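As the structure is a prediction and not an experimental result, all values here were calculated from the model. Worth knowing before you read on, the calculation uses all heavy atoms, side chains too, and leaves out hydrogens, waters and symmetry mates. Ligands are counted one by one from 1 in listed order, and the atoms in each one are counted from 1 as well. Sequence positions, counted from 1, serve as the residue numbers for this chain.
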Amino acid sequence: MATERAAADVAAEVERLRAQIETHNHAYHVLDAPTLSDAEFDALFDRLLILEREHPELITQESPTQRIGGAAATRFPAIRHPLPMLSLGKCTTMKELRDFDTRVRRLLASEAELSYACEPKIDGVAVRLYYENGHLQLAATRGDGEEGEDITANVRTLNSVPLRLRGEDWPQRLEVRGEVYMPRADFNAFNLAARAAGERELVNPRNGAAGSLRQLDPAVTARRPLTMFCYGIGRIDENWPLTSHVASLQRLAEWGFRINPDTRKVVGIEAVIDYVETFLARRGELAYDIDGVVIKVDDFAAQDALGVLTRTPRYAIAFKPAAEEALTRLVEVDFQVGRTGAVTPVARLEPVFVGGVTVSNATLHNSDEIARLDLRVGDLVWVRRAGDVIPQVVRVELDQRPEDARSIEFPDHCPVCSAPVAREEGEVVARCTARRSCPAQLVHGLLHFASRGAMDIQGLGEKVITQLVERELVADAADLYGLDVDALAGLDRMAEKSAQNLHEAIQGSRQRGLARVIFALGIREVGEATAAALARHFRSLPALWEADADSLQAVRDVGPVVAREIAEFFVQEENRALVERLLAAGVEPEPPPELPATAPLADQTWVLTGTLEGLTRKEAKARLEALGARVSASVSAQTDCVVAGPGAGQKLTDAERHGVPVLDEAAFMVRLGELEA
Ligand code: IVH
């Protein structure tokens with residue numbers, strides 16, 4: 001027919017439309033950066049549908065119109081994997097991550113830090129994709145790792161899975177692996193719609209993804225909001241030109257696969273830990289569910305050298321944080337007396353594994369907390385331990401309270417010295433009123449005095465201090481300096497040599513500097529940083545104890561509460577006596593070197609990350625602090641500068657995100673030199 005366009009023209013237009021649609025699909029579903037409006041896209045798609053309807057002979061399996069779902073199947077054929085789909089060994093603590101690194105480096109006989117790929121562990125369904133000459137041929141589930149199911153028709157409906165590869169330098173045969181999942185927002189929207197329509201809701205995003213992939217009718221799968229992140233390559237029959245995992249993922253991205261943007265290559269296990277901590281802290285903000293982080297040795301030669309142990313590769317590991325809450329029984333409540341006399345209830349629990357450790361004690365804080373929890377001895381309780389935070393009882397299973405559960409009486413006399421316990425007005429904490437004459441307060445006060453941030457007396461631990469107090473050899477910290485070697489050697493399990501060492505450690509602590517001595521006094525509310533600020537300001541103990549509330553509050557970080565505690569401390573005669581006796585015992589609190597009137601980095605916040613070669617982190621921190629800066633552990637918009645050595649990970653990314661200036665070690669040393677000059 002004369003009016004009919006030449007078949008070749010139609011074929012060309014069909015091909016052009018398909019290319020435009022696939023480009024948009026890629027931009028929208030893979031890059032997350034749409035190039036067309038929905039209306040423009042729909043117009044292209046409708047035009048293609050019309051042409052294909054008029055010319056059915058032009059329809060190919062790879063046409064975007066065919067993603068919507070082909071014929072329903074009656075079953076999924078079994079597919080053997082040419083290369084087994086492995087599983088991952090897992091760990092739950094940072095120590096185990098360091099052990100993994102040690103093991104890997106020992107096997108590789110590597111002195112140097114290794115490069116690792118760090119990736120989110122997506123909580124979805126593992127899928128293997130197989131391409132020949134750039135065309136998707138097969139998609140299979142993992143199954144038992146050896147044999148899975150052919151779900152090609154269903155996977156073809158996923159817009160994030162290329163039916164044809166982009167670019168051209170792909171190998172003739174290519175196997176790609178990844179995880180199909182349902183984004184959380186789409187899952188919620190799906191369930192909302194299902195509920196409104198009175199249809200069955202999905203249990204959770206992972207079940208939703210698994211169920212959707214196992215629909216016999218691909219048209220049903222097509223209506224489910226599924227997407228896929230690719231995390232690796234499988235078998236390749238040609239020489240693969242790339243030598244590392246992360247570089248290979250980048251190549252997969254060029255061919256049109258969706259790669260997780262939070263994938264990072266880092267150097268050294270400390271940078272891995274940095275990534276894991278930062279990433280897991282963000283897990284609530286992610287668009288998808290994860291069940292941990294995967295860490296892989298990046299270099300393929302090293303991966304091959306490490307090999308596979310039965311079903312798990314030695315070159316990779318999954319970090320899955322241990323559950324942070326667990327259920328156990330409250331066996332008893334004891335009361336402990338601390339340095340400040342605070343009487344703290346402690347829960348004795350049936351041992352339970354939580355947050356990566358076995359917990360048998362948890363703090364209950366104070367009597368208000370016990371009342372708030374409505375806690376009784378014998379109750380089933382939820383215990384929480386997150387990070388290094390001390391374990392807490394967070395909830396009681398009131399429904400399962402045993403009949404003989406016993407209520408908890410808060411003592412009105414100190415369980416150690418029997419002095420009355422009092423609660424000051426407006427305070428939640430009850431305290432033993434006996435002060436240093438209470439052995440428990442004395443022991444804890446001395447422990448604090450000897451602790452690392454205070455006088456740092458090695459070998460003076462709880463066992464030794466308890467004996468010194470019980471034998472009445474020591475009634476306050478100043479008495480420590482009067483102990484001779486014989487007195488120390490007379491303690492239980494104290495050899496002559498240890499006694500000498502301890503004696504030396506005690507005597508050697510006389511020159512610790514003013515800030516440590518102020519901290520060591522154990523004034524309530526005065527931590528290390530406040531003690532340092534007080535030392536810089538007042539420059540001697542007598543000047544500090546003469547200070548009134550106004551001059552105390554002139555110090556940075558000292559507000560009315562802290563000022564009141566300091567003043568109250570020095571009002572007490574026994575505290576003044578202690579200070580005098582310390583000075584008389586030869587404790588010589590040197591004031592810190594004077595800072596210039598305005599320290600060059602006053603009010604600035606710096607962050608150190610990665611490895612520095614020329615100086616330790618501690619030295620770098622000390623030098624920055626001497627210039628007036630605070631050194632913080634995390635990067636925010638308020639950070640003034642980040643110093644990044646090799647192996648810097650998330651903090652460097654955060655710095656870039658917040659536009660915070662970054663110095664490498666060389667530039668940092670130059671800057672320090674200028675500022676210190
Ligand atoms: S790598 C040889 N990377 O976790 C290593 N797996 O226990 C093979 N998964 O079945 C897996 N995200 O379904 C790898 N970024 C990721 C992953 C990931 C999720 C799943 C995968 C696998 C299971 C391994």
What atoms of ligand 1 come within less than 4.0 Å of a heavy atom belonging to R142? 10 (O)
When you measure from the side chain of S636 to the backbone of Q638, do you find a donor-acceptor pair of N or O atoms at a distance under 3.5 Å? yes
Any non-hydrogen atom of K296 lying under 4.0 Å from ligand 1? yes
So is G124 in contact with ligand 1, going by heavy-atom distances below 4.0 Å? no
Strictly under 4.0 Å, does any heavy atom of P313 approach an atom of ligand 1? yes
Mutual orientation of the aromatic rings belonging to H245 and F300 [parallel < 30°, tilted 30-60°, perpendicular > 60°]: perpendicular
Please check if the side chain of D123 supplies one atom and the backbone of R206 the other of a donor-acceptor pair under 3.5 Å. no
For V607 and K651, the nearest pair of non-hydrogen atoms, with its separation, is CG1-CD, 4.0 Å
If we number the atoms of ligand 1 from 1 as shown, the ones under 4.0 Å from a heavy atom of E119 are 3 (N), 15 (N), 16 (C)
For P120, the ligand 1 atoms with a heavy-atom partner under 4.0 Å come out as 12 (N), 15 (N)
Please say whether K121 places an N or O atom under 3.5 Å from an N or O atom belonging to ligand 1. yes
Return the orientation label for the F668 and W606 ring planes: parallel under 30°, perpendicular over 60°, tilted otherwise. tilted
Minimum-distance protein heavy atom relative to atom 8 (C) of ligand 1: L86 O, 4.1 Å
Protein residue, atom and distance nearest to atom 18 (C) of ligand 1, heavy-atom basis: Y231 CE2, 3.5 Å
Does this structure show an ion pair linking D32 with R258, if we count only N-O contacts that are shorter than 4.0 Å? no
Which ligand 1 atoms does V294 reach within 4.0 Å, using its non-hydrogen atoms? 3 (N), 15 (N), 16 (C), 17 (C)
Provide, to 0.1 Å, the distance between atom 12 (N) of ligand 1 and the closest protein heavy atom, together with that atom's residue and name. I122 N, 3.1 Å
Is the distance between the ring centroids of F229 and F257 less than 6.0 Å? no
Tell me whether the rings of Y275 and F279 are parallel (<30°), tilted (30 to 60°) or perpendicular (>60°). parallel
Flag S87 as yes when one of its N or O atoms lies below 3.5 Å from any N or O atom of ligand 1, and as no otherwise. no
Tell me: protein heavy atom nearest atom 5 (C) of ligand 1, and distance? L88 CD2, 3.6 Å
Look only at the side chain of E665 and the backbone of E613, and say whether a donor-acceptor pair between them is shorter than 3.5 Å. yes
How far is atom 13 (O) of ligand 1 from its nearest protein heavy atom, and which residue and atom name does that atom have? E179 OE1, 2.4 Å
